[in-house]
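Whatever order the structure lists them in is the order used to number ligands and atoms, beginning at 1.
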Amino acid sequence: MVDNNCIFCKIANGEIPSKTIYEDEEFRVILDLAPATKGHALILPKAHAKNLYELPEETAGKAMKLAKKMVITMTEKLGCDGFNLLQNNNEVAGQTVFHFHMHLIPRYENDNQHLEMKPTEVTQDELEAVRKQITE
Ligand code: AMP
Ligand code: ZN
């Protein structure tokens with residue numbers, strides 16, 4: 001349930017103080033220490049799971065429901081113009097803390113952040129090959 005070497009376990013369970021903006025039995029939502037924008041927050045389940053691969057399906061569903069609730073409240077309170085949800089799994093994808101978390105990133109006109117992906121070119125045949133690889 002809890003990993004004694006995991007900083008987010010300690011934060012989620014209140015052993016290490018954090019700027020908490022929401023808490024219930026299963027989750028804590030905290031402000032990120034190095035925010036991409038004003039209000040950048042992290043949804044942390046209290047039970048340890050390394051990332052989405054390990055997260056129980058039920059917790060994944062609840063995390064997304066909570067994200068929706070937080071986005072609505074935070075948009076109202078912060079007056080932001082949009083939101084990015086971001087969730088990294090494994091080092092190659094940019095995960096640096098190995099306790100599942102979902103980033104809630106409020107976006108503001110002219111906030112000077114660039115979370116955009118770099119598009120690549122692909123043929124219809126290549127797309128079809130990938131589609132087959134995933135579905136067959
Ligand atoms: P990721 O790269 O998806 O693993 O994101 C880890 C995030 O956790 C980064 O945005 C960090 O700024 C944030 N972070 C790391 N340690 C803390 C902490 N003690 N309190 C709040 N946020 C943290
Ligand atoms: Zn943990």
What residue and heavy atom of the protein are closest to atom 11 (C) of ligand 1, and at what distance?
Asp32 OD1, 3.5 Å
N/O separation below 3.5 Å, Val97 to ligand 1:
yes
Going by the order shown, which atoms of ligand 1 are within less than 4.0 Å of some heavy atom of Ala34?
12 (O)
Under 4.0 angstrom from ligand 1, any heavy atom of Gly94?
yes
Per-atom contacts of ligand 1 with Asn88, taking only distances under 4.0 Å to non-hydrogen atoms:
1 (P), 2 (O), 3 (O)
Those residues that, when tested against His48, pass ring pair (Phe, Tyr, Trp, His ring centres under 6.0 Å) (two or more places apart):
His99
One finds that the ligand 1 atoms under 4.0 Å from a non-hydrogen atom of His103 are 1 (P), 3 (O), 5 (O), 7 (C), 10 (O)
Look at atom CD of Glu91 and say whether more than 12 heavy atoms of other residues, nucleotides or ligands are closer to it than 6.0 Å.
no
Ignoring waters, protein N/O/S atoms under 2.8 Å from the Zn ion (ligand 2) are Cys6 SG, Cys9 SG, His48 ND1, His99 ND1
Does atom CD (Gln124) have a neighbourhood of more than 12 heavy atoms from anything else shown, all under 6.0 Å?
no
Mind checking whether Phe8 contacts ligand 1 via backbone (N, CA, C, O), side chain (CB onward), both or neither, at a 4.0 Å heavy-atom cut-off?
side chain
What part of Ile30, side chain from CB on, backbone N/CA/C/O, both or neither, has a heavy atom under 4.0 Å from ligand 1?
side chain
Distance in Å, Glu23 CD paired with Glu25 CD, rounded so as to fall on 0.5 Å steps:
10.0 Å
Indicate whether the side chain of Asp24 and that of Tyr22 have a donor and an acceptor atom separated by less than 3.5 Å.
yes
Atoms in ligand 1 flagged as close to Gln95, the criterion being non-hydrogen separation under 4.0 Å
4 (O)
Are Tyr108 and Gln113 close enough, and set up right, to give a side-chain contact (heavy atoms from CB on, under 4.5 Å), and what steps lead you there?
CA-CA 9 Å; Tyr108 306 86; Gln113 272 298 339; over 6 Å; no
Is the contact between Ile11 and ligand 1 made by the side chain, the backbone, both, or neither, using heavy atoms and a 4.0 Å cut-off?
side chain
Taking distance alone, no hydrogens or angles, what donor-acceptor pairs closer than 3.5 Å link side-chain atoms of residues 4-15 to residues at least two apart or in another chain?
residue, atom, partner, partner atom, Å
Lys10, NZ, Asn4, O, 2.5
Asn13, ND2, Cys9, O, 2.8
Asn13, ND2, Lys46, O, 3.1

Considering the heavy atoms of Leu31, write down every atom of ligand 1 situated less than 4.0 Å from one of them.
21 (C)
Is the number of heavy atoms from other residues, nucleotides or ligands within 6.0 Å of CD (Glu109) greater than 12?
no
First locate atom CD1 of Ile72, then atom CE of Met74, and finally report the distance between them rounded to the nearest 0.5 Å.
12.5 Å
May I ask you to list the atoms of ligand 1 that are less than 4.0 angstrom from any heavy atom of Thr96?
1 (P), 2 (O), 4 (O), 5 (O), 6 (C)
Atom 22 (N) of ligand 1: closest protein heavy atom, distance to 0.1 Å, is Leu33 N, 3.2 Å
Asn84: side-chain hydrogen bond (donor to acceptor under 3.5 Å, both in side chains) partners, not counting sequence neighbours:
Arg107
Quick look: His101 vs ligand 1, heavy-atom contacts under 4.0 Å, and the answer is side chain
